[in-house]
Amino acid sequence: MSVRVRIAPSPTGNLHIGTARTALFNWLFARHHGGQFLLRIEDTDIERSKPEYVENILSGLQWLGLQWDEGPFFQTQRLHLYQAGIQKLLAKGLAYRSYETPEELEQLREAQRAQGLPPRYDNRHRHLTPEEEAKFIAEGRQPVIRFKIDDDREIRWQDMVRGEVVWQGKDLGGDMVIARASGQPLYNFVVVMDDIDMGITHVIRGEDHIGNTPKQILLYEALGAPVPKFGHTPLILNQQGAKLSKRDGATSVDEYRMMGYLPEAFNNYMLLLGWSPPDTRELYTLEEAIPVFDFDRINKAGARFDLDKLNWINSQYLHQKETKELLPLVLPFWQAAGYSIDQEGDREWLMAILDLIKPSMTVLKDAVGLASYFFTDLPDYKEAAKEILQQPQTKTVLQKAKEILETTPRLAAEQAKATIDGLGKELGLKKGAVMKPLRCALTGDVHGPDLLISLALLHQKHKALPRLHYALHL
RNA sequence: GCCCCCAUCGUCUAGAGGCCUAGGACACAUCCCUUUCACGGAUGCGACACGGGUUCGAAUCCCGUUGGGGGUACCA
């Protein structure tokens, strides 16, 4: 039987890192086994689901390159299927109508809490007489549908990551609601209906779903369907070791995209969170991971999200990237920063800048700060740079450099080196004594990318002389 | 509270009873390269939560303790 897996996000927020990682594992598992990866949008919670989140999830998965083979399916368009399932369970006597009010349930839980007991439904409406039921209906009560869960049942399954997991029926909280009073079917039920209907063979999801699994296994049995394999992956945790939440800074894929992380780096990092490669190699593209990915190497403990490691991986991919491929990725960030750029005319010049700053970049957005002095008329002079520019020797160097540039309209990087070396010799100064003032005058900072290349590039755009002039009169 | 899961350097992890003096990566420190900052290279720092077993031998198996996490809805 061919492998069929799915990712089933609910559109109640932007594509979350945890969802993305689950998607990645499912995608890799499907590709590894030559199976299918489906996308299903779980939008049964109509109050919290929003179309913009659907859009965000779809575009996020696409950005990551986790293309789905079927879908997206929307649960709100499949309500007839769930209705039929509910009728079937009702007819078989495996589910029933339950009439308690939210207040009554709250009272029950309150009483249980007071006695130190676990909160659970006491199955009080499981065996209502027709008279009792008629009375509730006459009161105008709208029933929920509950699925019967026997306390003495024992549920066990072989989890793909955790091995055998055993659950007692009595710990499942009593007969479970599968449809609201409004008729809206609920998560645990629709998941099972859909997974059966879509022929899902392996349910790979986060560990936070582990408690849902025994309930769902019971539903598979009740519906007379084969139970798929389950694999519960460890959770991604925050710096404190708790489940990632909105309060933990950037938790959506979108935010990382906007900060300038590359999808290949992001995938690579998520892959390493909970899965370990068979050897010491850590850099894997999606395609490279397909043949080596398997569940034997999935870890059981949760993993903290570590920005340092993500940054390192991202910088590796960035540095490896051909400059001509990097340029279109960087351009939007430069443009957003307000730099005026002639994409066509300046192409060579821009590529040279990018070549220069590429080794210093960790995220795409870094290109904004690193290249800023190329795009402004005058750089933003830092305090430390101003101090250097005040030193007496500085004037001599800058004056000399100015004279040379005035007679040299165009300067290649190699020429710049010879010129500056000559300048130092002529003045009897060490390299540092020449470079430092020059750097400060040209870039406004005491350190940065290669100065001679910067000089050549600035001079090409007639930005070097005005800066020397400005610095001389500071 | 109750149920479930988990436990190796600060972080991600390797480790299937002797290959472990516990390996790798990030981070950090030092040095080299270098006009500077990065990049790159080298070196260093640094962990088997604790207590009992089992065994000739335990990071690895068992039990307990502690710690952490998840769940406990007419959310997903």
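Below, chain A is the first sequence line, B the second, and so on; all start at residue 1.
No engagement by A/Arg205 is indicated, since no non-hydrogen atom pair under 4.0 Å with the nucleic acid exists. Within the 4.0 angstrom heavy-atom criterion, no nucleotide atom of any strand lies near A/Lys436. Within 4.0 Å (heavy atoms only), A/Asn311 reaches no atom of the nucleic acid at all. Looking at heavy-atom distances under 4.0 Å, A/Asp279 makes no contact with the nucleic acid at all. Contact annotation for A/Ala303: backbone-only contact, meaning every heavy-atom pair under 4.0 Å involves sugar-phosphate atoms and none involves a base. No engagement by A/Gln75 is indicated, since no non-hydrogen atom pair under 4.0 Å with the nucleic acid exists. Contacts of A/Leu451 with the nucleic acid, taken as non-hydrogen atoms under 4.0 Å apart, include base atoms. Counting any heavy atom pair closer than 4.0 Å across all strands shown, A/His232 reaches no nucleic acid atom. Across all strands, A/Ser98 comes closer than 4.0 Å to no nucleic acid atom at all (heavy-atom distances). A/Val144 comes within contact range of at least one nucleobase, with a heavy-atom separation under 4.0 Å.
Dashed line: the shortest gap from a side-chain N or O of A/Asn299 to OP1 or OP2 of B/A14 is under 4.0 Å. The shortest distance between the side-chain N/O atoms of A/Ser276 and the OP1/OP2 oxygens of B/C12 is not below 4.0 Å. Using a 4.0 Å cut-off, some side-chain N or O of A/Lys431 falls inside it from OP1 or OP2 of B/U35. A/Arg162 has no side-chain polar atom (N or O) that falls below the 4.0 Å cut-off from OP1 or OP2 of B/C4. Here A/Gln316 reaches the OP1 or OP2 of B/G40: one of its side-chain N or O atoms lies under 4.0 Å away.
One can place CZ of A/Arg120 at 19 Å from P of B/G1, the figure rounded to the nearest angstrom. When the P atom of B/U36 is taken as reference, atom CG of A/Leu442 falls 17 Å away, rounded to whole Å. A straight line from NZ of A/Lys358 to C1' of B/A38 spans 14 Å, rounded to a whole angstrom. Rounded to whole Å, atom P of B/C12 lies 17 Å from atom CG of A/Asn268. In this structure, the CD atom of A/Glu106 is 10 Å from the P atom of B/C74, given to the nearest Å.
Judged by distance alone, with hydrogens and angles left aside, A/Asp208 brings no side-chain donor or acceptor close enough to the base of B/A76 to form a pair under 3.5 Å. Contact annotation: side chain of A/Arg48 to base of B/C75, donor-acceptor pair present below 3.5 Å. Evaluation of atom-type donor-acceptor distances gives no pair under 3.5 Å for the side chain of A/Gln115 against the base of B/G1.
Comparing B/G69, B/U35, B/A76 by their closest approach to the side chain of A/Ala242 singles out B/G69. Checking B/A76, B/C12, B/A73 against every side-chain atom of A/His209, the shortest atom distance belongs to B/A76. The listed nucleotides are B/A14, B/C74, B/U11; the one nearest the side chain of A/Arg297 is B/A14. In the set B/C2, B/C12, B/G69, B/G69 carries the atom at the smallest distance from any side-chain atom of A/Glu207. The A/Pro359 side chain lies nearest to B/C39 when the options are B/A27, B/C75, B/C39.
Judged by Watson-Crick or G-U wobble contacts below 3.5 Å, the nucleotide B/A59 has no partner.
For the pair A/Asn268/A/Thr285, no side-chain contact is recorded, criterion being any heavy-atom separation below 4.5 Å from C-beta on. Side-chain contact between A/Met193 and A/Ile178: absent, with no pair of heavy atoms (C-beta onward) separated by less than 4.5 Å.
A side-chain contact (heavy atoms from CB on, under 4.5 Å) with A/Phe230 is found for exactly one of A/Ile217, A/Ile210, A/Val165, namely A/Ile217.
Inspection of the A/Tyr82 and A/Thr44 side chains reveals no N or O donor paired with an N or O acceptor under 3.5 Å. In summary, the side chains of A/Tyr373 and A/Ser454 do present a donor paired with an acceptor at a separation below 3.5 Å, with no hydrogens or angles considered.
Side chain of A/His232 to main chain of A/Lys300: no donor-acceptor pair is present (N/O by atom type, distance under 3.5 Å, no hydrogens or angles).
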